[in-house]
**Q** 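The structure follows.
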Amino acid sequence: MTSDFPIDRRRLLQAAAGWSALAAAGAAPARDLSGVTLRVGTYKGLWRPLLQASGQANTPYKIDWRELNNGVLHIEAINGDALDLGSGSEIPPVFAARQKSSVRLVAVTHEDLNNQATLARKDSPIRRIADFKGKRVGYVRATTSHYYLARQLAEAGLSFSDIQAVSLTPSDGLSAFARGDLDAWAIYGYNGQLARTQYGARTIKTGVGYLSGNFPIYANPRALDDELRRAALGDLLQRLQRAFAWINGNFLAYARAQSAETRVPVGDLVELFNGRSGDYSLGPVSDAVVRSHQEVADTFLKIGVLDGPADVKPLWDRRFESVLRLPAA
């Protein structure tokens with residue numbers, strides 16, 4: 001009987017450690033969260049259908065989904081206390097750090113970089129980034145497309161002053177590209193796939209080698225300081241973590257859910273997934289993630305996009321780190 005005790009004790013300690021981690025992040029499951037409503041920013045075809053398709057949508061709190069299709073809007077909404085949780089790339093928080101915005105970065109997702117692409121029209125003579133000189137090139141300001149386009153231009157010995165740079169929202173950019181108002185376009189997500197499948201856009205380069213693949217999850221400090229909302233946020237992050245892991249073995253089901261919301265054909269979404277740069281995942285804040293983010297800020301300062309240095313480290317909040325390191329339930 002005594003030989004069994006160390007095993008039981010170890011399990012007890014493991015369970016206690018897991019409970020302590022949940023409690024520390026405010027995510028203890030015994031709490032009544034039925035009166036909580038989280039205001040969550042989403043992109044068309046992403047978190048909302050993902051949670052549904054992966055079986056993670058039955059939350060013990062309500063979610064008020066708010067569709068905002070770029071990270072700048074997510075941060076602006078958080079800064080204005082209109083959102084509790086959002087997401088985007090490393091780029092918008094660089095500007096947030098410079099502007100002392102009220103936002104925290106609490107986790108990071110890893111997603112496809114081949115779907116972050118610099119495209120040219122099918123009838124354009126453009127074959128390489130150096131051919132962009134003097135051309136009309138669309139991008140989305142303060143996003144990944146701004147960043148990797150700047151790096152690709154610099155690599156080719158060019159800068160934004162050498163092109164006719166046109167800052168557009170993703171949907172406006174697709175319309176401009178379709179009309180022939182742009183010669184090339186740096187874009188991400190399903191709008192880029194529509195440009196390829198519907199308008200024959202050619203991929204000149206992707207984000208591989210230019211982006212880290214880290215996409216932060218943004219949180220409202222006011223929500224983090226509220227005990228019940230913090231608990232709900234911890235639970236939602238765990239659900240999203242399980243859902244992101246689920247994607248890799250169940251993409252067809254996710255593609256169907258995405259297609260229903262975006263109207264992008266299922267086959268096109270599956271083709272994107274099959275050509276992905278890496279698997280999907282969601283994880284906690286790490287030193288490497290923070291270092292990568294600071295490199296982005298330093299690069300933007302170097303190429304003249306920022307008017308001064310930005311220290312991103314204070315934006316990162318590790319209070320969910322232990323929760324997101326627990327084995328997925």
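All values derive from a computational prediction rather than experimental measurement.
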**Q** Using a 3.5 Å distance criterion without hydrogens, assess whether the side chain of Gln193 forms a donor-acceptor pair with backbone atoms of Asp268.
**A**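 Yes; judged by distance alone, with no hydrogens or angles, the pair exists.
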**Q** Go through Lys205 and Glu155 one step at a time and tell me if the side-chain contact (heavy atoms from CB on, under 4.5 Å) criterion holds.
**A** CA-CA 12 Å; Lys205 277 186 177 291; Glu155 188 177 64; 3.8 Å; yes
**Q** Taking the six-membered ring of Tyr148, is NZ or CZ of Arg151 closer than 6.0 Å to its centre and within 45° of its axis?
**A**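 The answer is no; the distance or angle limit is not met.
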**Q** Judged by atom type as modelled, is there a donor-acceptor pair below 3.5 Å linking the side chain of Lys62 to the main-chain atoms of Gly35?
**A**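 Such a contact is absent between Lys62 side chain and Gly35 backbone.
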**Q** Does atom CG of Asn58 have more than 12 heavy-atom neighbours from other groups under 6.0 Å away?
**A**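 Counting other residues, nucleotides and ligands, CG of Asn58 stays at 12 neighbours or fewer.
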**Q** Starting from Leu68, can I reach Trp65 by hopping between I/L/V/M/F/W/Y residues whose side chains sit under 4.5 Å apart?
**A**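 Not linked; separate clusters.
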**Q** Would Arg31 and Glu227 count as a salt bridge (charged side-chain N to carboxylate O under 4.0 Å, His left out) if you check the C-alpha gap in whole Å, the side-chain angles of each, and the deciding distance to 0.1 Å?
**A** CA-CA 10 Å; Arg31 299 186 183 185; Glu227 184 179 1; 3.1 Å; yes
**Q** Who passes side chain to side chain donor-acceptor pair (under 3.5 Å) against Asn248, sequence neighbours left out?
**A**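 Partners of Asn248 by the side chain to side chain donor-acceptor pair (under 3.5 Å) criterion come out as none, since no residue qualifies.
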**Q** Hey, does Asp162 have a side-chain heavy atom less than 4.5 Å from the side chain of Leu153?
**A**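 In short, these two side chains do not touch, never coming nearer than 4.5 Å.
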**Q** Is there a side-chain contact between Lys122 and Tyr199 (heavy atoms, below 4.5 Å)?
**A**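 Lys122 does not reach Tyr199 side chain to side chain.
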**Q** Test salt bridge (charged side-chain N to carboxylate O under 4.0 Å, His left out) on Lys313 and Asp311; report intermediate values, then the result.
**A** CA-CA 6 Å; Lys313 187 175 181 179; Asp311 181 11; over 6 Å; no
**Q** Report the C-alpha distance between Phe300 and Phe95 in whole Å, list the side-chain angles of each, state the deciding distance to 0.1 Å, and finish with yes or no for ring-ring contact (aromatic ring centres under 6.0 Å, His included).
**A** CA-CA 10 Å; Phe300 261 166; Phe95 293 88; 5.7 Å; yes
**Q** With a 4.5 Å cut-off on side-chain heavy-atom distances among I, L, V, M, F, W and Y, is there a chain of contacts connecting Ile163 to Ile187?
**A**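 No, no single cluster joins them.
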**Q** Restricting to non-hydrogen atoms, name the atom on Arg141 and the atom on Ser167 that form the minimum distance, rounded to 0.1 Å.
**A**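 Heavy atoms only, the tightest pair is CB-OG, 3.3 Å.
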**Q** Does a side-chain heavy-atom distance below 4.5 Å link Glu90 with Val312?
**A**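 No, side chains not in contact.
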**Q** Do Asp317 side-chain atoms and Val106 backbone N/O form a donor-acceptor pair below 3.5 Å?
**A**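 Flag not set: sc Asp317 to bb Val106 has no pair under 3.5 Å.
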**Q** Report yes or no: do Asp172 and Thr169 form a side-chain donor-acceptor pair below 3.5 Å?
**A**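 Yes, because at least one side-chain N or O of Asp172 sits under 3.5 Å from a partner of the opposite role on Thr169.
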**Q** Would a distance-only check, ignoring hydrogens and angles, find a side-chain to backbone donor-acceptor pair under 3.5 Å from Arg136 to Leu182?
**A**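 Not at all, since once roles are kept as given, no pair shorter than 3.5 Å links the two residues.
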**Q** Would you call Glu67-Arg48 a salt bridge at under 4.0 Å N-O?
**A**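 Judged by the 4.0 Å cut-off on N to carboxylate O distance, Glu67 and Arg48 do form a salt bridge.
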**Q** Verify salt bridge (charged side-chain N to carboxylate O under 4.0 Å, His left out) between Asp298 and Lys302, making sure each step is shown before the conclusion.
**A** CA-CA 6 Å; Asp298 295 344; Lys302 183 178 179 180; over 6 Å; no
**Q** Return yes if some donor-acceptor pair links the side-chain N/O of Gln294 with the main-chain N/O of Ala310 below 3.5 Å, else return no.
**A**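 Yes, because the side chain of Gln294 sits within donor-acceptor range (under 3.5 Å) of the backbone of Ala310.
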**Q** Are a donor atom and an acceptor atom from the side chains of Ser145 and Gln116 found within less than 3.5 Å of each other?
**A**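 No - no donor-acceptor pair under 3.5 Å links their side chains.
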**Q** Are Leu105 and Pro93 close enough that some pair of their side-chain heavy atoms sits under 4.5 Å apart?
**A**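 Result yes, sub-4.5 Å side-chain heavy-atom pair found.
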**Q** Okay, side chain of Arg263, backbone of Ala260: is any donor-acceptor separation there less than 3.5 Å?
**A**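 Such a contact is found between Arg263 side chain and Ala260 backbone.
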**Q** Are side-chain heavy atoms of Thr118 and Thr203 found at a separation under 4.5 Å?
**A**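 The answer is no; the side chains never approach within 4.5 Å.
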**Q** Might you work through the salt bridge (charged side-chain N to carboxylate O under 4.0 Å, His left out) test for Arg222 and Asp225, ending with a clear yes or no?
**A** CA-CA 5 Å; Arg222 302 170 188 87; Asp225 291 339; over 6 Å; no
**Q** Should Leu119 and Leu174 be regarded as members of a common hydrophobic cluster, given that ILVMFWY residues are connected when their side-chain heavy atoms come within less than 4.5 Å of each other, either directly or indirectly?
**A**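 Both belong to a single hydrophobic cluster.
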**Q** On the six-membered ring of Tyr218, is Arg104 placed so that its NZ or CZ lies under 6.0 angstrom from the centre and within 45° of the ring axis?
**A**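 No - Arg104 does not lie over the ring of Tyr218 by the 6.0 Å and 45° rule.
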**Q** Quick one: does Asn115's side chain have a donor or acceptor within less than 3.5 Å of a partner on Leu272's backbone?
**A**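 Looks like no, no N/O pair under 3.5 Å.
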**Q** How far apart are the closest heavy atoms of Ala130 and Ala156, and which atoms are they?
**A**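 Closest approach of Ala130 to Ala156, heavy atoms only: N-CB, 4.0 Å.
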**Q** Look up atom CG in Leu228 and atom OG1 in Thr37, then write down how far apart they are to the nearest 0.5 Å.
**A**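 The CG atom of Leu228 sits 11.5 Å away from the OG1 atom of Thr37.
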**Q** Are Val108 and Val290 grouped together when hydrophobic residues (ILVMFWY) are joined by side-chain heavy atoms under 4.5 angstrom apart?
**A**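 Val108 clusters together with Val290.
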**Q** To the nearest 0.5 angstrom, please state how far the NZ atom of Lys100 sits from the CG atom of Asn79.
**A**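 Between atom NZ of Lys100 and atom CG of Asn79 there are 13.0 Å.
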**Q** Nearest heavy-atom pair of Gln241 and Leu282: which atoms, and what distance?
**A**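 Nearest pair, atom of Gln241 first, then Leu282: NE2-O, 3.1 Å.
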**Q** What do you reckon, are the aromatic ring centroids of Phe273 and Tyr254 less than 6.0 Å apart?
**A**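 Between Phe273 and Tyr254, the centre distance exceeds or equals 6.0 Å.
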**Q** Give the minimum heavy-atom separation between Leu224 and Arg230, together with the two atoms involved.
**A**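 Smallest interatomic distance, heavy atoms only, reads O-NH1, 2.8 Å.
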**Q** Give a yes-or-no answer on whether the side chains of Asp235 and Tyr61 include a donor-acceptor pair shorter than 3.5 Å.
**A**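 A donor-acceptor contact under 3.5 Å links the two side chains.
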**Q** Report the distance from atom CD of Gln238 to atom CG of Leu233, rounding to the nearest 0.5 Å.
**A**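 One gets 12.0 Å once the value is rounded to the nearest 0.5 Å.
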**Q** Answer yes if the side chains of Asn214 and His110 hold a donor-acceptor pair under 3.5 Å, and no otherwise.
**A**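 There is such a pair between these side chains.
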**Q** To check you understand the geometry: which heavy-atom pair defines the closest contact between Ser87 and His74, and what is its length?
**A**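 Smallest interatomic distance, heavy atoms only, reads N-ND1, 3.0 Å.
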**Q** Going by ring-ring contact (aromatic ring centres under 6.0 Å, His included), Tyr139 matches just one of Phe132, Trp185, Phe160. Which one?
**A**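 Per the ring-ring contact (aromatic ring centres under 6.0 Å, His included) rule, the option paired with Tyr139 is Phe160, out of Phe132, Trp185, Phe160.
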**Q** Any sub-3.5 Å donor-acceptor pair from Arg202's side-chain atoms to Ser124's backbone N or O?
**A**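 Yes: the side chain of Arg202 pairs with the backbone of Ser124.
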**Q** Answer yes or no: is there a side-chain heavy-atom contact under 4.5 Å between Pro170 and Tyr188?
**A**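 The answer is yes, as the side chains (C-beta and beyond) meet within the 4.5 Å cut-off.
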**Q** In this structure, which one of Leu85, Asn220, Asp84 forms a side chain to side chain contact (heavy atoms under 4.5 Å, CB included) with Ile78?
**A**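 Of Leu85, Asn220, Asp84, side chain to side chain contact (heavy atoms under 4.5 Å, CB included) with Ile78 is met by Asn220 alone.
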**Q** Asn250 side chain to Ala253 main-chain N or O, any donor-acceptor pair under 3.5 Å?
**A**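 Flag not set: sc Asn250 to bb Ala253 has no pair under 3.5 Å.
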**Q** Check the pair Arg256, Leu252 against side-chain contact (heavy atoms from CB on, under 4.5 Å), reporting the backbone distance first and the verdict last.
**A** CA-CA 6 Å; Arg256 287 171 176 152; Leu252 181 57; 3.5 Å; yes
**Q** Do Gln56 and Ser54 have side-chain N/O donor and acceptor atoms under 3.5 Å apart?
**A**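 Judged by distance alone, the side chains do not pair up.
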**Q** Could you grab the distance from atom CG of Asn114 to atom CG of Asn274, nearest 0.5 Å is fine?
**A**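 Interatomic distance, Asn114 CG to Asn274 CG, rounded to 0.5 Å: 12.0 Å.
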**Q** Can Leu83 be reached from Tyr43 by stepping across I, L, V, M, F, W or Y side chains whose heavy atoms are under 4.5 Å apart?
**A**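 Unlinked, Tyr43 and Leu83 end up in two clusters.
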**Q** If the threshold is 4.0 Å, N to carboxylate O, is there a salt bridge linking Arg39 and Asp81?
**A**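 Asp81 and Arg39: salt-bridged.
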**Q** Salt-bridged, Glu295 to Arg291, with N to O below 4.0 Å?
**A**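 No, Glu295 and Arg291 are not salt-bridged.
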**Q** Would Trp246 and Leu50 satisfy side-chain contact (heavy atoms from CB on, under 4.5 Å), going step by step from the backbone distance to the final call?
**A** CA-CA 9 Å; Trp246 172 89; Leu50 171 59; 4.1 Å; yes
**Q** Between Ser89 (side chain only) and Thr143 (backbone N and O only), is there a donor and an acceptor less than 3.5 Å apart?
**A**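 No, because the side chain of Ser89 does not come within donor-acceptor range (under 3.5 Å) of the backbone of Thr143.
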